[in-house]
Amino acid sequence: MEQMIDGQSYTIPEHIAIILDGNGRWAKKRGMPRNYGHLQGAKNVEQICQDAYDLGVKYLTVYAFSTENWKRSEEEVAGIMNILRQYLKSFKTHIKRDKLTVRVIGDRSKLADDINVLIDELWEMSKDHNGLTLTIALNYGSRDEITRAVRTIAEEVGQGKLTADAITEEMISSRLDTYYMPDPDLLIRTSGEIRLSNYLLWQLAYSEFYFTDIAWPDFDKEQLIEAIKYYNGRDRRYGGVK
Ligand code: IPE
Ligand code: IPE
Ligand code: MG
């Protein structure tokens, strides 16, 4: 999709994945506890969803909690889970107005029961919506996701439901948590780190990467537009020659 920004036409990435990083450092800089940063970070997800939708983005996939983040203090993990709870609840009030679809990827078996209920309710409420699809990666790790998919496929082969020949790239994609979305066109990571931290390793094979030093709570529409302009400067060759 093309969109006019500052009097110029830009291609809008259909799917943007974001590693929202830097909440803790952002809070520390202000003499506040890390969880205050997570709260501001959650509020910002809501704002960026709106901005992305206004710009014409169809899929936004945000990394909110990794399979490795359980290593943090009990207090921080509990704080993040509580913010998430409030955040998911608040979606219920505006999901209809915004025609938003909310989905979760990751291993849900380790999430609290009430959070899982909220996720199911949001999915049920939004499944006919045609606005932005917001996917929240929760207890998500790409290696864990691939391992789970391989296990299911192996079981099916073992039961004779599937032959090894039937295992193709498309088939593997269809068994990942992200089966319902196209691969990300653009990956954004905030707060200066240049690494993937176990995010969407399979899906990001041909995405463009945008890294910024701005901390997630400070990442706003202007920054998003900067990332989209950067994306427009890239030549996506997919291994070919242009
Ligand atoms: C990202 O911010 C949010 C989560 C990983 C839950 P961080 O909490 O990683 O913030 P920094 O990187 O410590 O500043
Ligand atoms: C990646 O951020 C995970 C999320 C944003 C949820 P981290 O802050 O956990 O990543 P590392 O530890 O710096 O690699
Ligand atoms: Mg971090």
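In each ligand, atom 1 is the first atom listed, and ligand 1 is the first ligand listed.
The shortest N or O to N or O distance between Tyr63 and ligand 2 is not below 3.5 Å. Of the N or O atoms in Ile80, none lie within a sub-3.5 Å distance of an N or O in ligand 1. Residue Ser197 has at least one N or O atom closer than 3.5 Å to an N or O atom of ligand 2. For ligand 1, the polar-atom distance check finds no N/O of Trp26 at less than 3.5 Å from any of the ligand's N/O atoms.
Distances below 4.0 Å separate heavy atoms of Arg72 from the following atoms of ligand 2: 7 (P), 8 (O), 9 (O). Close approach to Arg34 involves these atoms of ligand 1, each under 4.0 Å from a residue heavy atom: 7 (P), 8 (O), 10 (O), 11 (P), 13 (O). Within ligand 2, the atoms closer than 4.0 Å to a non-hydrogen atom of Leu20 are 5 (C), numbered from 1 in the order shown. Residue Phe65 has at least one heavy-atom neighbour below 4.0 Å for each of these atoms of ligand 2: 6 (C). Listed by number with element, the atoms of ligand 1 under 4.0 Å from a non-hydrogen atom of Asn69 are 5 (C). The distance from ligand 2 to the heavy atoms of Arg195 drops below 4.0 Å at these ligand atoms: 11 (P), 13 (O), 14 (O).
When Asp185, Asn232, Leu186 are each tested for a side chain to side chain contact (heavy atoms under 4.5 Å, CB included) with Glu208, only one passes: Leu186.
Looking only at N/O/S atoms, Asp21 comes nearest to the Mg ion (ligand 3) through OD1.
Atom 11 (P) of ligand 1 has Arg25 NE, 3.5 Å as its closest protein atom, hydrogens excluded (heavy atom only).
Below 30°, between 30° and 60°, or above 60°: for Phe65 and Trp70 the angle between ring planes is above 60°, a perpendicular geometry.
Summarising the geometry of Ile19 relative to Arg195, their closest heavy-atom pair is CD1-O, 4.0 Å, with the distance given to 0.1 Å.
With a heavy-atom cut-off of 4.0 Å, Ala137 does not touch ligand 2 at all.
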